[in-house]
Amino acid sequence: KQSTSKQQKILSFASKPLRTDVTMSAKSLLQNAENERNPLTMSDEQILEQIYSTHVHSDTKFDVDSLLTLVENTLRRSTHIVDNVVQGSHASLETIDDKIPQFKSPLCTLKQIASEMACKLPPSEETAHKTTLAILNKLSKYDWDAKAVLTLAAFALEYSDFWLLAQYQPTDPLAKSLAILKRVPFLTRPAALQKHRQAIAEVNNLVKATLQVIEVIFELEKLTSYDIKDVPALGLVIEQIPLDVYWVIITIVSVVTQIDCLITESKLRKQITLCRQQIDEAEYYRKLKRLFQSPTEIIEVLKVLIFNKAAPQPLFHGATKTTVRYFLFSKENYKIVWIPIVEAWTEQLHKKFEILKSKMPWYVVQYSGIIAGYKYIKEEWHFKKNPMVVVLSPQGKVQHSNAFHLIQAHGIRAFPFTTFSEQQINNEINWVGSVVGNIHPIINGWVEGQKYILFYGGKDKEWIQQFTKYASALANDVAIKEAKISIELFCVEKEDKSLVKRFWSGIESLFVTKVQKPVDAVTQEVQKMLSYKNESGWALLSKGPSVVTSGHGIAVLKTVAEFEKWKEAIKKDFGLSFKEYHAKIAAATIQRCSHLEIPNVAGKLPETIKCPDCPRVMEIFISYKCCHNENNANSIQ
């Protein structure tokens with residue numbers, strides 16, 4: 001009788017001729033629940049602890065595949081005989097030639113296992129468990145899949161022999177005598193067959209299912225050749241196999257053990273599906289890596305990256321508001337293609353996508369799903385949900401894994417936006433023009449005219465007012481005019497918010513392009529400026545595109561306020577005089593902590609960064625920000 005819950009793992013079986021009245025009630029099954037040898041009341045951990053104690057790691061070589069082939073041949077034909085007996089038919093098995101491998105049977109081992117399973121009366125869960133452990137001890141040096149198939153082979157010898165005799169006993173005298181010795185007629189006589197038909201069918205189906213489970217275990221064993229890093233689910237599979245082998249063997253020992261525990265409860269099929277999925281992903285990942293390492297044509301690269309096996313969708317051409325095929329795109333010298341990356345599409349995001357698509361002059365991928373190469377983009381190009389620009393050659397070779405910050409910092413000057421062009425620009429020492437020159441048209445004229453420019457701003461309006469007052473007085477001082485020094489003032493905070501955002505985005509992007517390079521004077525200047533982003537007040541003095549110095553707070557404010565104290569020195573060099581006096585004031589001013597906020601950009605950030613104001617390594621803090629935007633957690637990039 002089928003029990004419930006964990007009791008579904010096993011049914012009672014008598015090794016003498018089958019009787020339906022040997023089934024037990026749930027009460028009798030649980031009467032020895034406290035016994036540590038009852039698998040129905042043991043946890044998986046308890047079972048594993050006992051079966052691991054029987055296993056010895058060794059280099060024993062065994063042709064387990066050939067044995068499985070012979071077992072499959074034997075059981076496929078013997079279970080077919082049983083089906084005919086139960087159904088009263090004479091249907092023939094498909095005329096398929098069995099594959100007979102060259103194999104030396106471990107006959108003594110099989111007979112020893114068969115002996116362990118024979119005549120274990122009265123039947124009980126504890127007896128089945130004890131027998132299973134005895135078999136596992138005999139097979140201690142074999143791999144787990146071999147333990148299972150050896151036990152099934154030992155069973156197949158008896159089971160197949162029994163039903164082969166049942167088939168030939170009516171016509172073969174030898175078979176008839178042997179059948180009597182094995183009590184075959186007790187089960188195959190018409191009256192007995194009528195009584196036990198259902199039980200025979202259940203046992204036969206159980207044998208088929210047991211074979212099926214072992215085939216699954218074999219399939220899982222083959223999957224373990226893959227790297228567990230590529231297929232994380234294999235970790236669970238490797239842990240699960242010994243437990244499944246235990247239940248295979250105890251099923252064979254019990255014969256009528258319910259196989260559903262191995263097909264459903266043990267999750268073998270689910271694990272195989274998951275493993276196959278992860279193997280497909282791993283193979284696709286390797287395919288992408290090979291494709292980018294040895295590319296041939298950009299269109300093929302894009303198809304695999306975006307769609308893989310799915311049907312490629314036409315690109316939307318924003319300039320003409322039409323769709324185009326990829327082969328038309330390939331004839332162009334260069335184009336910009338926007339690939340929207342969304343983890344979970346919603347109706348709201350679809351609407352947002354359509355709005356953004358209508359505003360874009362370039363090509364847009366129309367694909368309302370997670371693109372095939374999402375994992376590759378995250379891991380190889382370090383995508384972190386912020387916009388990024390990957391530059392590909394016509395052959396599909398990566399020229400820059402993220403040129404977004406290069407473009408934002410230097411604009412068209414950095415074309416064609418390759419890592420080589422980035423290196424060329426990074427060698428330049430003058431960066432003011434490229435970063436801040438395009439935020440306001442008047443700045444380019446000042447830069448080209450080699451004028452002194454005081455850029456300033458901050459979070460404190462009063463500080464800004466004070467600095468504007470003293471800096472204006474300095475710029476219009478008689479001594480400045482007589483020395484024919486031209487000083488322009490540009491207050492970043494007085495402009496519109498979009499300009500302020502572009503200014504700091506430019507500084508951030510320039511820092512990102514330099515942060516992985518060896519630290520030089522320009523990198524230190526940019527880092528120092530970035531640390532001023534949230535200061536009450538800051539200022540940067542440049543001459544044309546060259547930075548003279550920068551500062552913040554009281555020190556730089558006192559530098560312009562106390563111009564009378566150092567004005568005589570400007571006759572030699574205004575920029576140098578400003579820098580030296582500021583350094584003197586800064587040294588006498590109590591230093592506050594320097595804060596450097598780095599955006600969570602695509603790419604690897606350095607593990608350590610030195611302070612822009614002193615030679616010490618900065619401490620690392622993690623900051624989180626929310627702008628209360630409903631689309632913040634799941635937006636289109």
Side-chain angles (χ1 to χ4, degrees), residues 51-52 54-80 93-94 96-118 131-164 206-228 231 234 237-253 255 259 262 266 268 271-272 275-276 279:
I51 63 177
Y52 277 143
T54 69
H55 186 64
V56 177
H57 293 282
S58 72
D59 297 325
T60 301
K61 302 296 182 183
F62 179 68
D63 187 2
V64 68
D65 290 308
S66 293
L67 180 58
L68 178 62
T69 299
L70 291 170
V71 170
E72 287 173 330
N73 294 344
T74 304
L75 291 181
R76 184 175 73 253
R77 295 192 177 277
S78 57
T79 53
H80 178 72
L93 197 62
E94 294 180 3
I96 300 175
D97 292 334
D98 290 340
K99 180 182 178 182
I100 308 297
Q102 295 294 323
F103 180 70
K104 184 179 180 181
S105 173
L107 186 59
C108 289
T109 301
L110 297 181
K111 286 187 175 182
Q112 289 173 2
I113 297 171
S115 175
E116 285 290 347
M117 293 189 291
T131 303
T132 300
L133 291 181
I135 292 170
L136 287 173
N137 275 307
K138 288 185 181 297
L139 304 177
S140 60
K141 294 184 179 180
Y142 290 92
D143 289 337
W144 291 103
D145 55 345
K147 297 177 198 287
V149 75
L150 280 164
T151 306
L152 186 61
F155 169 77
L157 282 175
E158 297 297 323
Y159 190 72
S160 300
D161 188 37
F162 184 95
W163 289 107
L164 186 65
L206 186 61
V207 171
K208 294 177 186 177
T210 304
L211 177 60
Q212 183 183 20
V213 171
I214 289 180
E215 290 169 342
V216 171
I217 291 173
F218 266 63
E219 188 174 358
L220 287 172
E221 280 285 354
K222 291 175 182 178
L223 297 184
T224 58
S225 62
Y226 286 89
D227 193 329
I228 199 169
V231 192
L234 280 177
V237 169
I238 293 170
E239 294 177 1
Q240 184 71 27
I241 285 176
L243 191 63
D244 292 325
V245 169
Y246 167 84
W247 284 109
V248 162
I249 294 176
I250 203 171
T251 297
I252 297 169
V253 169
V255 180
I259 200 65
L262 295 172
S266 67
L268 284 180
Q271 289 302 317
I272 279 194
C275 286
R276 284 297 178 197
I279 287 170

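In terms of heavy atoms, Lys99 sits closest to Asn73 at O-ND2, 2.9 Å. Shortest non-hydrogen contact noted between Ser105 and Leu110 is OG-CD1, 3.7 Å. Considering all non-hydrogen atoms of both residues, Gln102 and Asp63 come closest at O-OD2, 4.4 Å. When all heavy atoms of Trp144 and Glu221 are compared, the pair lying nearest together is CB-OE2, 4.4 Å. Of all heavy-atom pairs between Glu116 and Ile135, the closest is CB-CG1, 4.0 Å.
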Applying side-chain contact (heavy atoms from CB on, under 4.5 Å), run through Phe155 and Thr210 and close with a yes or a no. CA-CA 11 Å; Phe155 169 77; Thr210 304; over 6 Å; no

Worked check of side-chain contact (heavy atoms from CB on, under 4.5 Å) between Ile249 and Leu136: CA-CA 9 Å; Ile249 294 176; Leu136 287 173; 3.6 Å; yes

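The structure places CG of Leu211 at 9.5 Å from CD1 of Ile252, a figure rounded to the nearest 0.5 Å. In this structure, the separation between CG on Leu243 and CD1 on Ile241 is 11.0 Å, given to the nearest 0.5 Å. Remark: Ile100 CD1 to Ser66 OG distance equals 10.5 Å, nearest 0.5 Å. Rounding to the nearest 0.5 Å gives a distance of 12.0 Å between CG of Leu206 and OG1 of Thr79. A distance of 6.5 Å separates OH of Tyr246 from CG of Leu133, quoted to the nearest 0.5 Å. Once rounded to the nearest 0.5 Å, the distance linking CH2 of Trp247 with CG of Asp244 reads 10.5 Å.
Residues Glu72 and Glu215 have side chains in contact (heavy-atom distance under 4.5 Å, counting atoms from C-beta outward). By the 4.5 Å heavy-atom criterion applied to side chains, Leu139 and His55 are not counted as neighbours. Considering only heavy atoms from C-beta on, Thr74 stays 4.5 Å or farther from Leu157 through its side chain. With contacts defined as side-chain heavy-atom distances shorter than 4.5 Å, the pair Val248/Ile217 qualifies. For the pair Thr151/Met117, a side-chain contact is recorded, criterion being any heavy-atom separation below 4.5 Å from C-beta on.
Here salt bridge (Lys or Arg N to Asp or Glu O under 4.0 Å) pairs that include residues 144-163, with residues two or more places apart or in two chains, are Glu158-Lys182, Asp161-Lys182. For residues 103-113, no pair satisfies salt bridge (Lys or Arg N to Asp or Glu O under 4.0 Å), with sequence neighbours left out.
In terms of the side chain to side chain contact (heavy atoms under 4.5 Å, CB included) criterion, residue partners of Ser78 (sequence neighbours excluded) are, by chain and number, Leu75, Tyr159, Ser160. Legend: residues meeting side chain to side chain contact (heavy atoms under 4.5 Å, CB included) with Ser115, ordered by chain and number and at least two apart, are absent. Under the rule for a side chain to side chain contact (heavy atoms under 4.5 Å, CB included), the partners of Leu67 that lie at least two apart in sequence or sit in another chain are Phe62, Val71, Phe103, Val149, Leu150, Ala153. Residues passing the side-chain hydrogen bond (donor to acceptor under 3.5 Å, both in side chains) test with Ser140: none are found, sequence neighbours excluded.
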